[in-house]
Amino acid sequence: MKLSLLVSVVGTAAAFAPAKQQQTSSALSAWKDETVVGITAPMGFFDPLGLSKNKDDKTMNLYRESELKHGRVAMAACLGWYLDAAGVHPAFNSELSNDPLEAAQQLDPVGWVQFVLGCGAIEWLAEKIKERPGYKAGDLLGAAYWVDDSDEGWVDYQNKEINNGRLAMVAFMGILTQDLYFGEYGDLIHNGSYNLKF
């Protein structure tokens, strides 16, 4: 019993030991440079699962694009979830539930078709925008034509967007888990000091 406990403790501790450094491509080392947008203190280059190991620039740009897209959607989802929880439901004359999971079940099939077609149109447009020369991952509005990463204010803005998106992705998973498992999706809004009045 004591031996198995000792083995499990040592095995668990070994998971946190630094791994041997392997040779990485020059493209990946460029992504690990502290001046790259998204590599911020205190984490630096954060890749605990090693998903970037031996990846080229094209793949890393795809990862950055996906991170930005998911972060933007998560920020909008968190805002929408809390507005719904506060009783603000701008669509459908506020006839749907204020719980977004229940509202999704109450939505007519025509509403779902509109939702899917709208998302599809946005994705199609984003793919068309990627075809333009000089496209930078996540730059759907073309800001890279007017400002580059040498402007400290622009880099600061991009870092804030990426970090807020990362936080929103984690936050949304917490909100969704809270609603799925406990059925309480807005306790801070309803019962806490963060009560929103519109």
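Sequential numbering from 1 along the given sequence is applied to the chain's residues.
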With [X] via side chain to side chain donor-acceptor pair (under 3.5 Å) - residues at least two apart:
X: Thr59; result: Asp56
X: Gln106; result: none
X: Asp47; result: Ser52
X: Asp156; result: Lys160

Can you measure from CD1 (Ile39) to CD1 (Ile162) and round to the nearest 0.5 angstrom?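 If I round to the nearest 0.5 Å, the distance is 9.5 Å.
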
Once you round to the nearest 0.5 Å, how far does CG of Leu68 lie from NZ of Lys136?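 The CG atom of Leu68 sits 9.5 Å away from the NZ atom of Lys136.
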
List in chain and number order the residues that pass side chain to side chain contact (heavy atoms under 4.5 Å, CB included) with Ile129, two or more places apart in sequence or in another chain; answer none if no residue qualifies.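 Partners of Ile129 under the side chain to side chain contact (heavy atoms under 4.5 Å, CB included) test: Leu125, Arg132, Tyr135, Leu140.
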
Under the rule for side chain to side chain contact (heavy atoms under 4.5 Å, CB included), what residues qualify as partners of Leu180, not counting sequence neighbours?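 Side chain to side chain contact (heavy atoms under 4.5 Å, CB included) check on Leu180 returns Leu101, Leu176.
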
Set out, in order, the CA-CA distance, both residues' side-chain angles and the distance that settles side-chain contact (heavy atoms from CB on, under 4.5 Å) for Asn163 and Leu167, then state yes or no. CA-CA 6 Å; Asn163 287 330; Leu167 177 63; over 6 Å; no

Would you indicate whether the side-chain heavy atoms of Met75 and Met169 approach each other to under 4.5 Å?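 Result no, sub-4.5 Å side-chain heavy-atom pair not found.
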
Listed once per pair and sorted, the ring-ring contact (aromatic ring centres under 6.0 Å, His included) pairs that draw on residues 157-178, sequence neighbours left out: Trp81-Phe172, Trp154-Tyr157

Summary of ring-ring contact (aromatic ring centres under 6.0 Å, His included) pairs that have at least one residue in residues 47-72, sequence neighbours excluded: none

Salt bridge (Lys or Arg N to Asp or Glu O under 4.0 Å) contacts in which one or both residues fall within residues 104-115, not counting sequence neighbours: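 The answer is none; no pair qualifies.
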
Could you identify which residues cluster with Leu62, counting Ile, Leu, Val, Met, Phe, Trp and Tyr as linked when any side-chain heavy atoms lie under 4.5 Å apart, either directly or through a chain of such contacts?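 Noted: Leu62 shares its cluster with no other residue.
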
Residue pairs, two or more places apart or on separate chains, that pass side-chain hydrogen bond (donor to acceptor under 3.5 Å, both in side chains) and touch residues 117-130: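 side-chain hydrogen bond (donor to acceptor under 3.5 Å, both in side chains) check on residues 117-130 returns Lys69-Glu123, Glu127-Lys130.
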
Mind checking salt bridge (Lys or Arg N to Asp or Glu O under 4.0 Å) for Glu65 and listing every partner two or more places apart, or none if nothing turns up?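 With sequence neighbours excluded, Glu65 shows a salt bridge (Lys or Arg N to Asp or Glu O under 4.0 Å) to no residue whatsoever.
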
Show, in sequence, the C-alpha distance, side-chain angles and deciding distance for Ile175 and Asp179, and conclude whether the side-chain contact (heavy atoms from CB on, under 4.5 Å) test is met. CA-CA 6 Å; Ile175 294 168; Asp179 193 2; 5.6 Å; no

Heavy atoms only: give me the nearest Ala168-Gly71 pair and the separation to one decimal.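 Heavy-atom minimum between the residues: CB-O, 4.4 Å.
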
